[in-house]
Amino acid sequence: KQWYQRRVAITAGEIEFSQLVDKLNLVTEDLEPFVIEAIGSGLIKGKINQPEGKILISSTINRTFLDPQWLFIKNKLELWQKNLVIIQESMRKSHNFSVPIGGG
């Protein structure tokens, strides 16, 4: 079972074991290993509070990529590419040597 395969909106704060079991459609015995996997993989930052039966979540990572996330990545990559072209042109002018532009 993968944390990112579960489409559950979990934000920073506290969540009770029973609520998480219901939201994730898990059996209670599978909850702790599931949360440990999520913490270990970096999808959430938090602590398990067994005495109180809660998970204290300090932050989460959005692993569902929809159009806005893909657009953000596309724009970042395009910006990086433009910046690399500027750097390459600057290097060529200042050092009088040729660097292939555009990865080719």
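The shown structure was predicted, so the numbers you read here are calculated from the model rather than taken from an experiment.
- A search for salt bridge (Lys or Arg N to Asp or Glu O under 4.0 Å) contacts involving Glu29 returns nothing, not counting sequence neighbours.
- Residues passing the salt bridge (Lys or Arg N to Asp or Glu O under 4.0 Å) test with Lys74 are Glu78, sequence neighbours excluded.
- With sequence neighbours excluded, no residue forms a side chain to side chain contact (heavy atoms under 4.5 Å, CB included) with Asp22.
- Annotation: side chain of Val35 is in contact with side chain of Leu20 (closest heavy-atom distance under 4.5 Å).
- For the side-chain hydrogen bond (donor to acceptor under 3.5 Å, both in side chains) test, no residue two or more places apart in sequence or in another chain qualifies with Gln19.
- Rounding to the nearest 0.5 Å gives a distance of 5.0 Å between CD1 of Ile44 and CD1 of Ile57.
- Not a single side chain to side chain contact (heavy atoms under 4.5 Å, CB included) links Lys47 to another residue, sequence neighbours left out.
- Leu56 CG to Ile15 CD1: the interatomic distance, rounded to the nearest 0.5 Å, is 11.0 Å.
- Minimum heavy-atom separation, Leu26 to Val21: O-CG1, 2.9 Å.
- Hydrophobic clustering of Ile, Leu, Val, Met, Phe, Trp and Tyr side chains at less than 4.5 Å, counting indirect connections, keeps Trp80 apart from Leu71.
- Phe34 and Ile36 fall within the same hydrophobic cluster, where Ile, Leu, Val, Met, Phe, Trp and Tyr residues are linked whenever their side-chain heavy atoms come under 4.5 Å apart, directly or through other members.
- Going from atom CG of Asp30 over to atom CG of Asn25 covers 11.0 Å, rounded to the nearest 0.5 Å.
- To the nearest 0.5 Å, atoms NZ (Lys45) and OG (Ser59) are separated by 5.0 Å.
- No side-chain heavy atom of Glu14 sits less than 4.5 Å from a side-chain heavy atom of Asn49.
- Partners of Ile86 by side chain to side chain contact (heavy atoms under 4.5 Å, CB included), not counting sequence neighbours, listed by chain and number: Asn83.
- No single ILVMFWY cluster, assembled from side-chain heavy atoms under 4.5 Å apart, contains both Leu79 and Leu84.
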